[in-house]
2 protein chains.
Amino acid sequence: MKRPTIADVATRAGVSRSTVSYALSNKRPISEETRLRIQQAIEELGLRPNATAKRLASRERSRNIGFVLPLVTPEMTGLEMKFISGASRAINQADYTFILLAHSDRSPENLLRFAESGLVDGFILMEVYMQDDRVDMLQREGIPFVLIGRCADNTGLTYVDVDIQYALESSFAHLTASGHQAIAYLHKDDDQYGFSVRALREYHAACDRFDISPLLQSCGLSPEEGEVAMNSLLDQHPEVTAAIVWSDIPTVGAVQAIQARGRQIPNDFSIICQEHSIISNLASFVPAVIDIRADEMAAQAAQFLIDLLEDQPIEQPQLLFPPKLVLGER
Amino acid sequence: MKRPTIADVATRAGVSRSTVSYALSNKRPISEETRLRIQQAIEELGLRPNATAKRLASRERSRNIGFVLPLVTPEMTGLEMKFISGASRAINQADYTFILLAHSDRSPENLLRFAESGLVDGFILMEVYMQDDRVDMLQREGIPFVLIGRCADNTGLTYVDVDIQYALESSFAHLTASGHQAIAYLHKDDDQYGFSVRALREYHAACDRFDISPLLQSCGLSPEEGEVAMNSLLDQHPEVTAAIVWSDIPTVGAVQAIQARGRQIPNDFSIICQEHSIISNLASFVPAVIDIRADEMAAQAAQFLIDLLEDQPIEQPQLLFPPKLVLGER
DNA sequence: CTGAAAGCGCTTACAG
DNA sequence: CTGAAAGCGCTTACAG
């Protein structure tokens, strides 16, 4: 009653096991009549070749790529979905399989287990920290991976990331051209998360360059937190006329806070938010947006990993994507 | 330069391969001193046991569960995330691993490949059609799976699903108690998708029971389509005072259409939408909502699959969850 | 407490 | 065109 094997088929078809194997893989010519006999035996017995044994014997890879997404929010944002669809598109095109590894923790053990089990050939990592245990482990174990984001020390790493300097530079250029002098930044207060750290640094750099005094207000990921943050900012600094918000979700709340004070956007106040996702489509107001080109970045990350897996040289393994500033429509 | 194997470690430690294997698995006592020698050899060589070989030799399962999510929208909705988090929580608790298989197609071939490769032990299927190729294939091949949703013919299937009859019944009870006589349904027009078909049927049944004449308007998944649908409905049937919308996303647009005509919610118009996700938090208006308890359903589906995999009997393998009607707050 | 050997279900040089 | 045999890297009865 056990699952039939190649040996069973061979017996039934009156050939050797190797012939069955070759008939399956088409790696050498088989006469038409034995091919037919084998075919028939396969169907009669319902052979389903054991892929684990095949992998062991032929030392082949799984052709699966693990996309590692720590679930920071219980909800997945539209931005995360863009990364996912960009990566999975590129992965499928290259005839690999996309596997989403969505875990609530960031433990390296989990990844190691996947790699060792042969489940995946390599990883694409999201939500990269400045010091990232997962990166350390993967590097130590010699497991192929690519980052979307980057660490503090990136020697030897392959990554794609946002050109945050460019993002803030162009935002400041746009805002100052419209006459703004007080440009606040509603930032994510997280000194581990690479993006937050770098964005903060580049905000200060932009302030320097444009001769504007920095105005910071930390802000969480929800609309409510955006509202609270903007209210707190406007209470303390009524002179502010423009703000950059680190995510589009709190932007919704921030906009409400501004409007509740009777200030019109963009006439009385300008707001730029990082990335739009489905959420911006739902708000009655669409702000100016820094489009970080998430899908392109993710597709490139996937291509990098595939190159790594196939021992293709990568000319520029640390790639920054300059984002596009998209002005609001409503 | 190849990866070291158990044989290499055995040679270096001066023991047999089986002793190394037993030292690794702790399946029989090893003397302290040979254990130490083996341990040292393992570390010196950096042994990483080949999990594929182990699986083949010990005929064990992967303990991975595939959560199959056809990407109907490019964006993943908050509702889908609820299913994912509910299922992954239950799966992790049972010491299995959650793998999200997010594909843009619904091809059975893909699933078969995963199952045969030994990558996953079984599947949880989302977006089930009345006639579903994937279900047919999995049944034919004898691969364990559980549905979130159901087919036309469900003999022998294990599933969890929304009690749609209850959902519409309680919505109608609520609306008629408030005096509504004209209750429209903005439905998804899809005669393959089980949920749509059943919801439509139950809407008609509820109309019968409450003596209300059916008023249908088909409606897509985006806010824009919700707006268009509601406008079209109100143009043709200005007498309508209440509507049930099949998803929360178009509800956002539908609400705008209603408000644009100067009608107040809930005073002049009542609206109930199926499920809230992050999106409802963003709209300035929160409608009454049919909470389908997605996380509980998904967790139950996961438990069913684990029971199936571990040959545990399932007393009620076809389970309907009565949803909760949650009234709006703003 | 330890070893020699058979086996898991395939693949693939080596022969003919 | 086909077969006998060794091998992939483990596990696990069988012996001692």
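Please read these numbers as outputs of a predicted model, since none were measured by experiment. Throughout, protein chains are lettered first and strands after them, A, B, ... in sequence-line order, and every chain is numbered starting at 1.
Figure legend. C/dA13 is base-paired to no nucleotide; pairs are counted as Watson-Crick or G-U wobble with both atom distances under 3.5 Å. With a cut-off of 3.5 Å on both pairing distances, D/dA4 has no Watson-Crick or G-U wobble partner at all.
The OH-P distance, from A/Tyr22 to D/dA4, rounds to 14 Å in whole Å. Atoms CG (B/Asn26) and P (D/dT11) sit 12 Å apart, rounded to a whole Å. One can place CD1 of A/Ile30 at 13 Å from C1' of C/dT11, the figure rounded to the nearest angstrom. Taking atom CZ of A/Arg59 as the reference point, atom P of D/dA6 lies 16 Å away to the nearest angstrom. Across the protein-nucleic acid pair, A/Ile6 atom CD1 and C/dG9 atom P stand 11 Å apart, rounded to whole Å. Residue A/Leu24 contributes atom CG, which lies 7 Å from atom P of C/dT11 at whole-angstrom precision. In this entry the distance linking CG of A/Asp8 with P of C/dG9 reads 9 Å, nearest Å. Atom P of nucleotide C/dC8 and atom CG of A/Leu56 are separated by 14 Å, given to the nearest angstrom.
Here the closest non-hydrogen pair linking A/Val120 and A/Ile65 is CG1-C, 4.3 Å. Considering all non-hydrogen atoms of both residues, A/Cys151 and A/Val128 come closest at SG-CG1, 3.7 Å.
Judged by atom type and distance alone, B/Arg28 reaches the base of C/dG3 through a side-chain donor-acceptor pair under 3.5 Å.
Put simply, the side chain of A/Tyr96 does not reach to within 4.5 Å of the side chain of A/Leu305, judged on heavy atoms.
When distances are taken from the side chain of A/Ala57 to each of C/dG9, D/dT11, D/dT12, the shortest belongs to C/dG9. In this structure, the nucleotide among C/dT2, C/dG9, C/dA13 sitting nearest to the side chain of A/Thr5 is C/dG9. Closest to the side chain of A/Ser16, from the set D/dC10, D/dG3, C/dC10, is D/dG3. Set against D/dC1, C/dG9, D/dC10, the side chain of A/Pro29 has D/dC1 as its closest nucleotide.
Between A/Val15 and B/Leu47, the residue whose closest nucleotide on DNA chain D is further toward the 5' end is A/Val15.
B/Glu296 and B/Gln300 are not linked by any side-chain donor-acceptor pair at a separation below 3.5 angstrom, with hydrogens and angles left out of the test. A/Thr97 and B/Arg113 share a side-chain donor-acceptor pair at under 3.5 Å. Side-chain contact of B/Ser21 with B/Ser18: a donor-acceptor pair under 3.5 Å is absent, judged by distance alone.
For C/dA4, neither phosphate oxygen OP1 nor OP2 lies less than 4.0 angstrom from any side-chain nitrogen or oxygen of B/Ser18. OP1 or OP2 of C/dG3 sits under 4.0 Å from a side-chain N or O of B/Thr19. The side chain of A/Thr34 contributes an N or O atom lying less than 4.0 Å from OP1 or OP2 of D/dT2. Residue B/Ser21 places none of its side-chain N or O atoms closer than 4.0 Å to OP1 or OP2 of D/dC10. The side chain of A/Lys27 contributes an N or O atom lying less than 4.0 Å from OP1 or OP2 of C/dT12.
Nucleic acid contact class of A/Arg55 (heavy atoms, under 4.0 Å, all strands): none.
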